[in-house]
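Naming: A, B, ... by sequence-line order, numbering from 1 per chain. On a predicted model such as this, the values are computed, not experimentally measured, just so you know.
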2 protein chains.
Amino acid sequence: MARYEHIAGELRDAIVRGDYQIGAQLPTEAELASRFNAARGTVRQAVAVLVSEGLVGTRQGARRIVLGSERSQSFAELHSFAQWARSVGHRAGGLVLDSRRRPSTSSEAVRLAITPGEEVLAVLRLRRLDGEPVLVERTVYASWIAPAVEKLDPACESVTQELYETVGLVFAYGEHLIDAVAAGAEDARLLGVRRGSPLLRQRRTTTSQEGRPVECSDDRYRAGSVTFSIRNSTTANSLVRRAGD
Amino acid sequence: MARYEHIAGELRDAIVRGDYQIGAQLPTEAELASRFNAARGTVRQAVAVLVSEGLVGTRQGARRIVLGSERSQSFAELHSFAQWARSVGHRAGGLVLDSRRRPSTSSEAVRLAITPGEEVLAVLRLRRLDGEPVLVERTVYASWIAPAVEKLDPACESVTQELYETVGLVFAYGEHLIDAVAAGAEDARLLGVRRGSPLLRQRRTTTSQEGRPVECSDDRYRAGSVTFSIRNSTTANSLVRRAGD
DNA sequence: TAGAGCAACTTGTACAAACAAGCGAGACCT
DNA sequence: AGGTCTCGCTTGTTTGTACAAGTTGCTCTA
């Protein structure tokens with residue numbers, strides 16, 4: 001583990017533990033440098049991690065302040081429903097309800113960077129949190145990964161982890177579009193809600209380390225079951241608002 | 001403007017312009033350094049900006065690749081409905097429907113870091129995009145900023161900009177919780193949708209440069225009018241998923 | 001007493017150098 | 001032909017230095 005990662009971890013722990021209250025000032029770079037016996041540049045790198053996580057605010061000339069105290073999730077925890085559930089102390093379940101190959105639509109082709117009509121694997125999964133159905137996942141996999149997906153256990157808990165262990169595939173980058181939609185007939189039946197009731201929709205595209213698109217998915221959460229959280233600032237911004245359609 | 005910001009801008013422009021296609025490789029650090037006549041560290045800082053924006057993917061040993069080509073928004077554009085609307089080529093409207101002082105609830109007190117019961121200013125605004133009502137904003141302001149807010153024109157387009165010009169207040173940090181809810185009676189009436197229809201809810205808290213909470217708000221978008229977008233990766237993560245309630 | 005201005009402190013930017021670590025392609029071997 | 005190995009390339013980490021720029025509190029003055 002890199003030096004700056006270690007320092008960032010120590011500081012993050014201290015903040016989460018409450019050693020530094022929200023609104024409190026962090027020690028100066030010079031003090032942190034001497035405390036951890038590192039160069040100032042290394043300390044800056046460590047603090048930059050916390051700033052990008054939204055835990056710490058910084059502006060030139062003034063001491064850094066603590067903005068939040070919640071541990072942020074790793075990419076894996078965010079991407080994998082099962083890993084996320086485990087990390088927040090819940091039990092995830094899952095079941096494949098349908099899995100079939102078909103030609104890709106034009107919008108899928110764009111998102112997966114393939115030619116329209118090229119074969120893809122469409123999978124419908126129902127996900128449970130502590131037994132309760134909370135999420136309908138409609139995922140489309142590029143054809144080159146389809147065979148590995150088809151070999152998975154239909155009740156497989158973590159697809160991400162399984163794909164890593166069987167074929168060494170790691171998901172590295174993701175794009176997420178978040179909006180609200182009304183439950184369709186199938187959504188309503190699977191989630192046990194009325195048709196037209198609100199669902200939180202997350203459309204995502206995931207790519208491998210090399211930047212090759214692996215899957216795109218339309219995930220619909222039952223209202224109240226899940227919330228997305230983002231911290232941003234003038235110096236670190238990742239949330240973007242877009243007009244519909 | 002800093003050297004690294006200039007380099008980041010040049011590279012971003014080149015990507016947005018299409019000089020580097022999605023999936024293509026970026027020049028090496030050494031080449032960029034010589035091209036811009038800068039030290040390698042400066043180039044790294046520039047590229048780090050693009051990585052944090054999700055435009056570029058990077059991993060040790062391999063050349064960097066282009067992941068996306070969309071311009072990301074500034075914090076101001078994200079925070080201010082009016083500035084965002086302008087930047088994406090739409091016209092924003094707004095009207096204050098109600099504005100009154102009242103004691104804060106306990107949850108508001110936590111979010112604004114004040115003592116429960118301390119007076120706050122609650123404002124109800126309806127926002128339009130190109131004439132269409134798309135957003136109901138229920139904002140609570142801390143008492144120290146309330147006088148300035150009360151002096152604003154009820155039809156004021158950009159509250160953010162007005163507060164900056166009148167009292168020099170700048171919003172610097174924000175936390176956002178995003179989920180889906182059913183429209184209540186008031187929401188439905190104002191937005192012109194049926195009761196119970198899906199709305200995208202964004203609860204946000206904004207703080208000043210010094211980390212002092214200024215306002216917290218419950219914003220509800222008509223379904224289909226707005227989408228939030230985030231890019232993340234194993235190395236840059238800001239989106240967090242949370243269990244409901 | 002209120003405001004201007006200074007001085008110490010703190011973070012931001014830039015450069016240079018050296019080594020570590022991962023990737024990829026071509027050479028080599030079986 | 002197919003797999004392995006090595007070597008050069010590229011990005012990642014760390015240290016050190018110097019100066020720029022913004023903040024904050026104190027002092028001095030009107």
Side-chain angles (χ1 to χ4, degrees), chain A residues 1-11 20 23-52 55-67 168-170 172-173 207-212 233-236, chain B residues 1-11 20 23-52 55-67 168-170 172-173 207-212 233-236:
Chain A
M1 190 199 254
R3 193 83 169 271
Y4 80 92
E5 285 178 303
H6 174 252
I7 298 176
E10 296 269 316
L11 289 175
Y20 302 105
Q25 293 184 334
L26 239 48
T28 65
E29 289 179 356
E31 191 192 324
L32 290 173
S34 78
R35 184 189 302 178
F36 290 104
N37 197 29
R40 187 180 157 222
T42 307
V43 170
R44 283 183 65 78
Q45 220 171 334
V47 177
V49 173
L50 303 184
V51 171
S52 80
L55 245 49
V56 168
T58 184
R59 65 199 162 109
Q60 187 174 145
R63 290 275 285 273
R64 279 181 257 257
I65 51 179
V66 177
L67 293 174
L169 175 69
V170 296
Y173 307 109
T207 69
S208 69
Q209 284 186 322
E210 300 83 23
R212 176 141 76 142
S233 71
T234 47
T235 47
Chain B
M1 191 199 256
R3 193 83 170 272
Y4 80 92
E5 283 178 305
H6 174 251
I7 298 176
E10 295 270 317
L11 289 175
Y20 301 105
Q25 292 184 335
L26 239 49
T28 66
E29 290 180 357
E31 190 190 327
L32 290 175
S34 79
R35 182 189 305 178
F36 291 103
N37 197 29
R40 190 179 156 222
T42 307
V43 170
R44 284 183 64 77
Q45 217 172 336
V47 177
V49 172
L50 304 183
V51 171
S52 80
L55 245 49
V56 168
T58 182
R59 63 197 162 114
Q60 187 173 140
R63 291 276 287 272
R64 280 183 256 255
I65 51 178
V66 177
L67 293 174
L169 174 70
V170 295
Y173 306 111
T207 70
S208 69
Q209 283 187 323
E210 300 82 25
R212 178 141 74 143
S233 71
T234 48
T235 47

Walking DNA chain D from its 5' end, the first of A:Gly41 and B:Thr28 to be reached, judged by nearest nucleotide, is B:Thr28
Set out, in order, the CA-CA distance, both residues' side-chain angles and the distance that settles side-chain contact (heavy atoms from CB on, under 4.5 Å) for A:Leu26 and A:Val66, then state yes or no. CA-CA 7 Å; A:Leu26 239 48; A:Val66 177; 3.6 Å; yes
Have a look at A:Ala30 and say if it touches a base, only the backbone sugar-phosphate, or nothing, with a 4.0 Å heavy-atom cut-off. nothing
Between B:Tyr4 and A:Gln209, who's closer to the 5' end of DNA chain C by nearest nucleotide? B:Tyr4
Can you check whether A:Thr42 has a side-chain N or O nearer than 4.0 Å to OP1 or OP2 of D:dT15? yes
Roughly how many Å is it from CD in A:Gln60 to P in D:dG22, rounded to a whole number? 6 Å
B:Met1 atom CE is separated from C:dA14 atom P, nearest whole Å, by 11 Å
If I compare all heavy atoms of A:Ile65 with all of B:Glu210, which pair ends up nearest, and what's the gap? CD1-O, 3.3 Å
Given atom CZ of B:Phe36 and atom C1' of C:dT13, what is their separation to the nearest angstrom? 17 Å
Whole-Å distance separating the CD atom of B:Glu29 from the C1' atom of C:dA17: 15 Å
In whole Å, I'd like the distance from the CD atom of B:Glu210 to the P atom of D:dG22. 16 Å
At what distance, to the nearest 0.5 angstrom, does OG1 of A:Thr58 lie from CZ of A:Arg63? 11.5 Å
Between A:Gln45 and D:dT13, is there a contact of a side-chain N or O with OP1 or OP2 at under 4.0 Å? yes
Per atom distances to the B:Ala39 side chain, the nearest of C:dC15, C:dT13, D:dT15 is C:dC15
Separation of B:Glu31 atom CD from D:dT11 atom C1', in whole Å? 15 Å
Should A:Arg59 be listed as having a side-chain N or O under 4.0 Å from OP1 or OP2 of D:dG22? no
With the side chain of A:Ala62 defined as its heavy atoms from C-beta on, choose the nearest nucleotide among D:dT24, C:dC15, D:dT11. D:dT24
Please give, in whole Å, the distance from C:dC9 P to A:Gln25 CD? 15 Å
What do the steps show when you test B:Leu11 against B:Leu32 for side-chain contact (heavy atoms from CB on, under 4.5 Å), and what is the final call? CA-CA 10 Å; B:Leu11 289 175; B:Leu32 290 175; 4.0 Å; yes
Nucleotide D:dT14, atom P - distance to NE2 of A:His6 in whole Å: 11 Å
Does B:Glu5 use its side chain to pair, donor to acceptor, with the backbone of B:Ala2 at less than 3.5 Å? yes
What about A:Arg3: does its side chain form a donor-acceptor pair under 3.5 Å with the base of D:dG12? no
Under 3.5 Å, is there an N or O donor on one side and an acceptor on the other linking the side chain of A:Arg40 and the base of C:dG12? yes
Any side-chain N or O of A:Arg44 below 4.0 angstrom from OP1/OP2 of C:dG12? yes
A:Arg64 side-chain N/O to D:dG22 phosphate OP1/OP2 under 4.0 Å: no
